[in-house]
Amino acid sequence: MTTLLPRPVSFARGEGEFRGDPRPEVRLVAGEPEGYRLEITPERVLVEASDEAGAFWAEQTIRQLRGPDAFRAAPLRPGPAVLPACTVVDRPRFAWRGCMIDVARHFLPKHDLLRYVDLLAAHKLNVLHLHLTDDQGWRFEVKRYPALTEVGSWRPESRLGDRRGGLVNARPHGGFYTQDDLREVVAYAAQRHVTVVPEIDVPGHSQAAVAAYPALGLHGGGVWTDWGVNPRVLDVGPETLEFYRNVFDELVDVFPSTVIGLGGDEVPDQGPEHGAFVRALAAHLTGRGRRPYGWDEIAESGPLPHDVIIASWRGEEQGVAAVREGHDVVMCPEQHVYLDYRQSDLPSEPIPVGTVLGVEDVYRYSPVPPEITGDEPGRVLGAQANLWTEHVDSPRRLDYAAFPRLSAFAEVVWGTAGDPAFLDRLTTHHLPRLDALGVEYRPLAGPRPWQSLPGVPGFPR
Ligand code: TNX
């Protein structure tokens, strides 16, 4: 049994061990995308990979084989790396192995975002979906419309915990990325074979933009300080459409990703004009050579072009329906992969919201619903875990929400989940790696005292 995570397609232990420089000799050979074969003998470390990404994932495997200290920022003591002789044959099942981070509700400073790129790459996850805008904050610098960040990137106070608890945090909150910050994040991620997929959410979840440019909305108002579904959506007239075409032009200029997110979720009183607005922006993105990507609601407001990718978040049925309509889908059903949801029934869980979603629940998830067969017109590109941050106000809280559930998810999307020994492997081999990385994950037994947040109400379902 291998200790690797995600678990590879096959692992065979050899005789003896390798001691020396762990950087492999790399050969590119024909094979499946992102696939690799790693052979370690006492004499050498050899990687045969189908592409650069495959070679990079092989290096992650090598680092895991070296033991937890290989995840520290510098070696603890001098000496050669020691690797067990073995042969690993490996490739991912899904091309889209993603994690969405909501940097709108709570800003994640650039430094911490780069750290998350490293954490994703260490888990062989390859898509970072950045939710850049929402009612509570606009985080993307737009040169043509400076008020989006001057006004829209901060709020004077925030709801503390669930709104039904009535608490407020009086500390202002804000932050944004310049276009060059994001180009840097994109380039850093590309070096690690991670694609950054940006999302600007329309026509709901747009109050921060309306606060900056009131003509975009019907009701005015400042950057929202509450959580939930906001009834004040965009005024989807021609000027607003023109405004957002310009915004998306700047977005496309910063993000080379083929896939570009336009949101489309949770529009109360959705009318045909909202669907038309989303379709017009989708067509604009297609015209710029990109593939529009939206939350599953956009598939319900009129016929969408087939190039649009659907993120199935309300459940699995929406993804099944979208595949039947000929769309490619990314599965991210809230019942299985919402990392803002509480991790147990313990009263000590910080701001418990949603249903209970423990590490084993995530591990049990399987991205292709049984209703989808091989000959459907669209297909499941993969899955992503979603990290919404209404109740995640710091990098420390993000670590708590993300890990180790994201480690379990990595194995789900690599396609090798289903190992009864997963929890043992996680505890014995992988949590020490997270410790070495300085990840403040949630211990399997429950939060450490300083990870709980007594007195701040959640709203468990
Ligand atoms: C629903 S998932 C939302 C988000 C919230 C999340 C909280 C989706 C597309 N919309 O705006 O943050 O629930 O779990």
Side-chain angles (χ1 to χ4, degrees), residues 98-108 129-139 155 158-159 161-164 173 197-209 223-234 259-268 270 274 278 292-301 308-319 322 329-343 349-357 361-362 383-393 397-398 400-402 405-406 457-461:
C99 177
M100 187 226 63
I101 304 184
D102 167 12
V103 296
R105 269 57 175 272
H106 282 102
F107 181 65
L108 190 63
H129 168 175
L130 276 188
H131 183 74
L132 287 166
T133 69
D134 214 298
D135 293 308
Q136 299 85 358
W138 183 285
R139 312 288 172 215
R155 55 184 184 261
S158 304
R159 169 69 67 205
D162 186 82
R163 60 195 312 180
R164 283 151 280 212
H173 181 85
V197 173
E199 177 202 347
I200 295 219
D201 200 348
V202 294
H205 289 288
S206 301
Q207 183 61 32
V223 177
W224 209 26
T225 59
D226 214 338
W227 316 126
V229 178
N230 185 351
R232 293 165 298 170
V233 307
L234 291 178
V259 181
I260 303 281
L262 41 62
D265 56 316
E266 297 182 322
V267 181
Q270 169 148 317
H274 299 112
V278 166
Y293 174 46
W295 301 110
D296 58 52
E297 288 96 325
I298 70 171
E300 289 174 357
S301 61
V308 177
I309 302 170
I310 300 297
S312 187
W313 76 272
R314 287 175 297 169
E316 296 187 281
E317 322 80 87
Q318 291 79 3
V329 304
V330 173
M331 300 301 294
C332 51
E334 50 112 4
Q335 300 84 353
H336 300 281
V337 294
Y338 265 39
L339 302 188
D340 55 328
Y341 286 10
R342 61 203 172 112
Q343 307 198 42
E349 288 297 344
I351 319 184
V353 297
T355 50
V356 171
L357 189 65
D361 300 314
V362 173
Q384 66 180 37
N386 289 342
L387 263 168
W388 299 104
T389 60
E390 290 94 331
H391 311 296
V392 178
D393 66 351
R397 289 276 287 116
L398 197 63
Y400 180 87
R405 290 183 296 183
L406 196 58
F459 191 76
R461 277 200 270 140

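In this chain, residues are counted from 1 in sequence order. Atoms within each ligand, like the ligands themselves, are counted from 1 in listed order. The analysis underlying the following values was restricted to heavy atoms, covering all of them including side chains, and did not include hydrogens, waters or symmetry mates.
- Protein heavy atom closest to atom 2 (S) of ligand 1, with residue, atom name and distance, is Y338 OH, 2.5 Å.
- Counting heavy atoms from C-beta on, the side chains of Q318 and I310 never come closer than 4.5 Å.
- Between W295 and W313, the ring planes are perpendicular. Angles over 60° get that label, and only those under 30° would be called parallel.
- Atom 10 (N) of ligand 1 has its closest protein heavy atom at D265 OD2, 2.9 Å.
- At least one donor-acceptor pair under 3.5 Å links the side chain of E297 to the backbone N or O of E266.
- Atom 5 (C) of ligand 1 has E390 OE2, 3.3 Å as its closest protein atom, hydrogens excluded (heavy atom only).
- At least one N or O atom of D340, backbone or side chain, sits closer than 3.5 Å to an N or O atom of ligand 1.
- Each of the following atoms of ligand 1 lies closer than 4.0 Å to a heavy atom of W295: 9 (C).
- Residue H205 places a heavy atom less than 4.0 Å from ligand 1.
- In this structure, the side chain of R405 engages the main chain of L357 through a donor-acceptor pair within 3.5 Å.
- In this structure, L132 and V103 have side chains that are in contact, with non-hydrogen atoms separated by less than 4.5 Å.
- A heavy-atom distance below 4.5 Å is found between the side chains of V278 and P203.
- Within ligand 1, counting atoms from 1 as listed, the ones closer than 4.0 Å to a heavy atom of Y341 are 14 (O).
- Across the listed options R314, Q136, E266, E266 owns the non-hydrogen atom lying nearest to atom 1 (C) of ligand 1.
- The protein atom (non-hydrogen) at minimum distance from atom 11 (O) of ligand 1 is R105 NH2, 2.9 Å.
- Checking side-chain atoms of T389 against main-chain N and O of D102 turns up a donor-acceptor pair under 3.5 Å.
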